[in-house]
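Everything numeric here is computed off the predicted structure, so don't read it as measured data. Sequence lines set the chain letters: A, B, ... in the order given, protein chains first and strands last, and positions in each chain run from 1.
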Amino acid sequence: MTKFLTELNEPQRQAVLHGEGPVMIIAGAGSGKTRVLTYRIAHLIESGVDPFRILSLTFTNKASAEMRNRIEREIGMEARNIWMGTFHSVFAKILRIEARYLGYTSDFSIYDADDSKSLIRSIVKELGLDDKLYKANVVFNRISGAKNRLVSADDYLNNSIIRADDDAAKMPEIGRIFKTYVVRCFQANAMDFDDLLFNTNILFRDFPEVLNKYQQKFRYVLVDEFQDTNVSQYLITRKLSAVHQNICIVGDDAQSIYAFRGANIENILNFERDFPDVTVIKLEQNYRSTQTIVKAANSIIQRNKSQLKKNIFTENQEGQTIDVIKAASDNEEGRLIASSLYEEKVQFGLRNEDFAILYRTNAQSRSFEEALRKQGIKYRIVGGVSFYQRKEIKDLLSYLRFTVNQQDEEAFKRIINLPKRGIGDTTIAKITVTAAENSVPVWTVVSNIHQYVNGRSTTPIDQFATLIKSYRLLIDQGKDAYEVASHIAKTSGLLKELYEDKTVEGLSRYENVQELLNAIKEFVDNEENEEKNLSAFLQSVSLLTNADEPDDDGDNDRVTLMTIHSAKGLEFRNVYLVGLEEDLFPSQMMLQSREDLEEERRLFYVAVTRAETKLTFSYAESRYQWGRIKMCEPSRFLMEVDQRYLNLTKVLKKKAEEERTVTPVTLLRSQRPKPAAAANTAGNKSTQATSTVHTPSSDFVPSDTSFLEVGQRVEHTKFGFGKVIKMDINGTDRKAVIHFEKAGEKTLLLSFAKLRILDK
DNA sequence: CGGCATTCAGTTTTT
DNA sequence: CTGAATGCCG
């Protein structure tokens, strides 16, 4: 026990050894937070606390698995018994146990975002509202936001401020949709992600005996990544620790990047108010990164107005400056990064797993995949389209879900006519509407179809009902998840349909379904799982996320490609932070307010602080999007970093290769002429040439997104006016052939930095 | 009802 | 460009 205490610095030791009472640990990036949490839990258990009475909440399954492993290494198998997991998984578990209090059964389904949106779409249609106006995405976000603030549908309808807001957005009926949505979820015996937290709050609010049970049970509550909790989550933890007062929260306000999901930095402030005798410990020494990286990171984050005061420092070496790579296109960016990575690997004898490529959006992975594959560098993508989101997987899972929970309307809608059995949209709508009108689950209508729909061809529906009943029987006979699932896959016709599809995609879909069946087999064979039934499997699977997928083979020496969001909590020797272009990062959609910009800046901070030894930035001047080329400007964040820590040599080197169409290297932004002025210039040679006024970034006025396409009139600072006559967008790189009037000849342009797009 | 053609919107990040 | 949603016809 004492052995690891010597490895710790003073505040770390204090955090580990802190006994009873609330404690808040403000842990800067790279300050050994996970180690402190691990040791703290190990210490608690070694000093006699029953692992069953420790609740440890994290944000990702990965983080919790990681911590469990590390604790196991310290104290052995007892670690298994700690209540440890994500908020969603832990409270889903509790809700299963206590489901009857809320009128649910323990077999309730969990709706993912797709299910929720699909339900919202049906409701909008049923209420006769305009689906152009009430977009599923928007409505879903409103509802989700409300639930995360613990605003129920009734509260929503009664709140004049919210209603005024909706009226202003010309969507006065959102409250009604919300209300209907809640009723329908309940009838379907289903909860969405937000309900898992919302309903836990309801459970603890309305049933004090249940709350008391868990308050007594959990003597110690620990919350990691506290800066990312929303109100709903905070209230749960506050209630749970109200008796013992042993709550330990760990977080870093500078790394709060989930405000879009309802995370609330104010929770940290609320915490000090709600637990006045809290001990605050700050971990400020960074053990991860070089001086340069830490200082660069500080220079970024200090621009944010809202932040807790702390001083992150390191005693590590100074290290290299941050390379900046400029590429003409997203494909070139891929190639430059791949070759830089290769050089670095050879020069320093590194392994693939020492590298990470981080980007803002999942869609950016493509060019890096291509380039790495060409270089023969193995990589792994975290995120993207999740295995469990694939159509064929969701289809089989829907069969399983519906067999377990026959009230599950969304699962029903997926499978009722799959494979085709002659039941069309009209019939399906009739069934769901009838169910809603009579306030009964869909299954009641389906299994008694003659009572509800008279006349024609109800036979396919009867057959479907019989089929499901036969599946249900297997569960009631006590068959395990694998037995039931493989029987369903074989007899439902799903597998057969895929098997007969001999296209490449069809083959891979077939394999995917087999893979799911394998996963179920593994689940059943796993000794650690007490329950082997289908319900237990579905429960475990519904909260998995794309970051939790197993590595496909044993080869872990791979470069990691992922979004910055998924990189939180991780560290790599070398980090490439790519796609540093205005509107992409910071995201255009984020630039509504100062708070939004600050969140993007924290995201940038998170990315930078993932790097241990070497950091490289890159950006592209043009990007392929929706079959067109989009011009890009360097991100304002590149200019916000203290320039002393940047190394622009790579940019300069590129300049030599790139010949005639090169932008100045200085990280200044060229101001775009106002659209009105641009219209006048079009086709008028006598107008003065493009004035590229260089101004500091703070003066930057966001321009309209500009696109290049065939027929587009353009102006180049050197070649004058021109017109795009051909675009090669299928090759490895995008090229545009442009006819310039002044030059009198066709010119192949690879770089578009000095090209101005004129209005049509 | 099912199949085919056409239109249209969409890419922020994740539990 | 792609995938989803809509519309039309047999």
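- In terms of position along DNA chain B, the nucleotide closest to A/Lys132 lies nearer the 5' end than the nucleotide closest to the other residue of the pair A/Glu599 and A/Lys132.
- In the set B/dC1, B/dT13, B/dT14, the nucleotide with an atom closest to the side chain of A/Thr426 is B/dC1.
- Protein atom CZ of A/Arg366 is 13 Å distant from nucleotide atom C1' of C/dT2, rounded to whole Å.
- Distances shorter than 4.0 Å separate some side-chain N or O of A/Asn362 from OP1 or OP2 on B/dT14.
- The CZ-C1' distance, from A/Arg623 to C/dC1, rounds to 16 Å in whole Å.
- A/Lys391 has a side-chain polar atom (N or O) that falls below the 4.0 Å cut-off from OP1 or OP2 of C/dA4.
- Residue A/Asp583 contributes atom CG, which lies 18 Å from atom P of B/dG10 at whole-angstrom precision.
- Among the atoms of the strands shown, none is found under 4.0 Å from any heavy atom of A/Phe585.
- The side chain of A/Thr563 places an N or O atom within less than 4.0 Å of a non-bridging phosphate oxygen (OP1 or OP2) of B/dT14.
- Across all strands shown, A/Arg121 has heavy atoms under 4.0 Å from sugar-phosphate atoms exclusively, and none from any base.
- A donor-acceptor pair shorter than 3.5 Å cannot be found between the side chains of A/Gln227 and A/Asp253.
- No donor-acceptor contact under 3.5 angstrom links the side chains of A/Glu332 and A/Ser329, judged on distance only.
- Within 4.0 Å (heavy atoms only), A/Asp131 reaches sugar-phosphate atoms of the nucleic acid but no base atom.
- Side-chain N/O atoms of A/Ser587 include none lying less than 4.0 angstrom from OP1 or OP2 on B/dT13.
- In this pair, A/Phe368 and A/Tyr359 present their aromatic rings parallel. The plane angle is below 30°, not in the 30 to 60° band.
- Counting any heavy atom pair closer than 4.0 Å across all strands shown, A/Lys117 reaches no nucleic acid atom.
- Separating the CG atom of A/Asp425 from the P atom of C/dG7 is a distance of 12 Å, rounded to the nearest angstrom.
- An OP1 or OP2 oxygen of B/dC1 is reached within less than 4.0 angstrom by a side-chain nitrogen or oxygen of A/Thr427.
- Note: NZ (A/Lys630) to P (C/dC1) measures 19 Å, nearest angstrom.
- For the salt bridge (Lys or Arg N to Asp or Glu O under 4.0 Å) with A/Arg401, the qualifying choice from A/Asp107, A/Asp395, A/Asp112, A/Asp115 is A/Asp115, the only one to do so.
- The side chain of A/Asn137 contributes no N or O atom lying less than 4.0 Å from OP1 or OP2 of B/dA9.
- In this entry the distance linking CD of A/Gln588 with C1' of B/dG10 reads 13 Å, nearest Å.
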A/Asn362/A/Thr563 under side-chain hydrogen bond (donor to acceptor under 3.5 Å, both in side chains): CA gap, chis, key distance, verdict: CA-CA 6 Å; A/Asn362 280 308; A/Thr563 62; 4.9 Å; no
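- Put simply, CZ on A/Phe59 is 10 Å from P on B/dT15, counting in whole angstrom units.
- A/Arg360 has no side-chain polar atom (N or O) that falls below the 4.0 Å cut-off from OP1 or OP2 of B/dT11.
- At whole-Å resolution of the value, CZ in A/Arg601 and P in B/dT13 are 21 Å apart.
- Mapping A/Lys420 and A/Leu603 onto DNA chain B via the closest heavy atom, the residue that lands nearer the 5' end is A/Lys420.
- Aromatic ring centroids of A/His88 and A/Phe59 lie 6.0 Å or more apart.
- The phosphate of B/dA9 (OP1 or OP2) has no side-chain N or O of A/Lys135 nearer than 4.0 angstrom.
- In this structure, the aromatic ring of A/Phe87 is not positioned over the six-membered ring of the base of B/dT15 within 5.5 Å between centres and 30° between planes.
- A/Ile423 comes within 4.0 angstrom of the backbone, heavy atoms only, and of no base.
- A/Ser89 has no side-chain polar atom (N or O) that falls below the 4.0 Å cut-off from OP1 or OP2 of B/dT15.
- Contact annotation for A/Asn417: backbone-only contact, meaning every heavy-atom pair under 4.0 Å involves sugar-phosphate atoms and none involves a base.
- Using a 4.5 Å heavy-atom threshold, the side chains of A/Ile97 and A/Tyr214 count as touching.
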